[in-house]
Amino acid sequence: MTTGGQAQIGNVDLVKQLNSAAVYRLIDRQGPISRIQVAEHSQLAPASVTKITRQLIERGLIKEVDQQASTGGRRAISIVTETRGFNTIGVRLGRGDATLTLFDLSGKALAEEYYSLPQHTQNELENALFEAISNFKELHQRKLRELIAIAVILPGLVDPQQGVIRYMPHISVNEWPLVFNLEQKFNVASFIGHDIRCLALAEHYFGASRDCDDSILVRVHRGTGAGIIANGHIFLGCKGNVGELGHIQVDPLGERCHCGNFGCLETIAANSAIEHRVRTLLTQNYPSTLTAEDCQIDTICQAANAGDMLATEVIEHVGRHLGKAVAIAINLFNPQKVVIAGEVTQADKVLLPAVEGCINTQALKDFRDDLPVVRSEIDHHSAIGAFALVKRAMLNGLLLQRLLEA
């Protein structure tokens, strides 16, 4: 049972975290900005803002820049965030591989390496991952200034609050406490998240949806998944995993899905499904510039862009079925923007009109009016989604407070 004194201490610590985060967030988003302006926007007392900014300056997280123009009194000094002295290692963990990227605190990629991790058990994968991180640190130690966090994104079922992986599609895991193990091994704050949800967060911070607080990102790759941003935050729910758009049934008489159902969106809108459909049509002698031997998603998109009728029809077919599922998501969440990601967006001039056609007939009029459907601006093969977790932890104060107390 928590005593009154312990609860009071906890409340004080939380207030410190929230106040520091409010100040840092304003400087990060609106800098150069004066302390007076920070106090006005945050509604914190000027003395509190002065104290917090002093702590942030001493820690090297912000710095003073040129004075602002005088408005009649003493000229105010502006402050901005300092990003070059702090580093994050972002990891995109795939099925048998990993992309490791070194970021500074602005999100600039300073170095990137690809590692093959063809491991078959949880322990083997963890050992291989940790070895890759150690190798990456040693390889780029001259670029490392202060490592403040390691973040890992991956496909599967993730509990980001507990730092536990509950399911991965290619190996058996058993309540894998990856965050705890990372922090024990590397003695640095660590985070994990689902790859598509984190891609949606990165899109919100740095990409196509940075101008809105409510958006849906849909990625077509090995399967089809979605990340939902609501009020500027990843929408997760109490169970931690939402957005399995790929398992909405769009064709009751369609192909059997690996989930056991028939006609799931993933059986149509996935790279392998697209390639399989094109090969099947080619074997039936439908005319095309494509050949069965050179029938990858990139070449299919190129052919569609060049006006190849078979490739165009296949991409439109994907767009129509994708649009059905997106229309359902729009009716549920009423977003300000829909973002489509994945290799298939190389044929966006063919794909997006097909998606929009379904939205215009199946989504509520008030929800679809002036609703942009756009191509992702984020490279979904990179580890930028992992960095987005660190960015969030700085903006909400979780990592920020840890740095101030270090």
Side-chain angles (χ1 to χ4, degrees), residues 90-100 115-130 132-133 150-185 190-202 216-229 233-249 255-267 269-273 325 329 341-342 380-383 385-386 388-389 392:
V91 181
R92 184 188 65 82
L93 187 59
R95 307 185 192 200
D97 58 46
T99 301
L100 273 65
Y115 293 86
S116 178
L117 304 178
Q119 310 304 320
H120 303 292
T121 70
Q122 177 179 316
N123 287 339
E124 286 177 349
L125 180 56
E126 181 175 287
N127 291 336
L129 174 61
F130 287 7
I133 294 171
I150 296 172
V152 181
I153 58 172
L154 61 142
L157 299 181
V158 179
D159 185 337
Q161 301 299 324
Q162 300 297 321
V164 171
I165 299 169
R166 299 214 157 94
Y167 165 78
M168 292 187 73
H170 61 295
I171 66 166
S172 175
V173 298
N174 181 26
E175 296 291 310
W176 183 9
L178 181 57
V179 165
F180 176 82
N181 295 349
L182 280 167
E183 294 190 346
Q184 289 290 107
K185 173 70 174 179
S190 299
F191 306 92
I192 60 170
H194 184 276
D195 54 355
I196 303 179
R197 318 300 180 245
C198 293
L199 186 69
L201 186 64
I216 295 174
L217 176 136
V218 179
R219 187 183 74 164
V220 178
H221 187 50
R222 284 193 173 94
T224 313
I228 300 157
I229 301 295
H233 302 285
I234 300 176
F235 178 69
L236 290 176
C238 63
K239 291 188 176 181
N241 292 279
V242 297
E244 289 298 331
L245 204 71
H247 296 289
I248 291 177
Q249 189 183 63
E255 299 287 333
R256 191 177 188 93
C257 181
H258 66 84
C259 73
N261 200 358
F262 288 92
C264 290
L265 178 62
E266 276 192 9
T267 65
N271 288 358
S272 59
H380 74 277
H381 287 298
S382 76
L389 292 176
R392 181 180 65 179

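Throughout, residue positions are numbered sequentially from 1 according to the sequence presented.
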Distance from His194 atom NE2 to Leu154 atom CG, nearest 0.5 Å?
7.5 Å
Considering residues at least two apart in sequence or located in another chain, which fulfil the side-chain contact (heavy atoms from CB on, under 4.5 Å) criterion with Arg95?
Pro169, His170, Arg222
For Glu255 against Thr267, the heavy-atom pair lying closest together:
O-CG2, 3.7 Å
Sequence neighbours excluded, which residues qualify as salt bridge (charged side-chain N to carboxylate O under 4.0 Å, His left out) partners of Glu183?
Arg402
Spatial distance of atom CG (Asn127) from atom NZ (Lys185) [nearest 0.5 Å]:
8.5 Å
Test item: Ile234 and Arg392 side chains (from C-beta on) under 4.5 Å apart, heavy atoms:
yes
Sequence neighbours excluded, the answer for side-chain contact (heavy atoms from CB on, under 4.5 Å) partners of Asn261 is Gln249, Cys259, Cys264
For His258, what residues pass the side-chain hydrogen bond (donor to acceptor under 3.5 Å, both in side chains) criterion, not counting sequence neighbours?
Glu266
In Å, rounded to the nearest 0.5 Å, how long is the span from CG of Leu129 to CD1 of Ile133?
4.0 Å
I need the minimum non-hydrogen distance between Met168 and Val173, along with the two atoms involved.
N-CG2, 3.9 Å
Just jot down the side-chain hydrogen bond (donor to acceptor under 3.5 Å, both in side chains) partners of Asn181, sequence neighbours excluded, or say none.
Glu126
side-chain hydrogen bond (donor to acceptor under 3.5 Å, both in side chains) partners for Thr99, two or more places apart
Arg92
Do you know which of Leu93, Ile150, Val152, Val91 makes side-chain contact (heavy atoms from CB on, under 4.5 Å) with Leu100?
Val91
So CD1 of Ile192 and SG of Cys198: to nearest 0.5 Å the spacing works out to 9.5 Å
Output all residues satisfying ring pair (Phe, Tyr, Trp, His ring centres under 6.0 Å) with Phe130, sequence neighbours left out; order by chain, then residue number.
Phe186
By side-chain contact (heavy atoms from CB on, under 4.5 Å), Ala325 pairs with (sequence neighbours left out) Leu245, Ile248, Leu265
Would you please name every residue forming a ring pair (Phe, Tyr, Trp, His ring centres under 6.0 Å) with His381, sequence neighbours left out?
His221
Just wondering, do Arg197 and Val158 contact through their side chains at under 4.5 Å, heavy atoms?
no
Nearest 0.5 angstrom please: Trp176 CH2 to Ile165 CD1, how far?
4.5 Å
Might you point out which heavy atoms bring Ala151 and Ala386 nearest each other, and give the distance in Å?
CB-O, 3.2 Å
Restricting to non-hydrogen atoms, name the atom on Thr224 and the atom on Ala270 that form the minimum distance, rounded to 0.1 Å.
OG1-N, 4.5 Å
Going by side-chain contact (heavy atoms from CB on, under 4.5 Å), name the residues that satisfy it together with Glu175, two or more places apart in sequence or in a different chain.
Val164, Arg166
Nearest atoms (heavy-atom pairs only) where Val220 meets Asn271:
O-OD1, 4.0 Å
Taking side-chain hydrogen bond (donor to acceptor under 3.5 Å, both in side chains) as the test, write out the residues that go with Gln122, two or more places apart.
none
Between Ser190 and Leu182, the two heavy atoms sitting closest are OG-CB, 3.4 Å
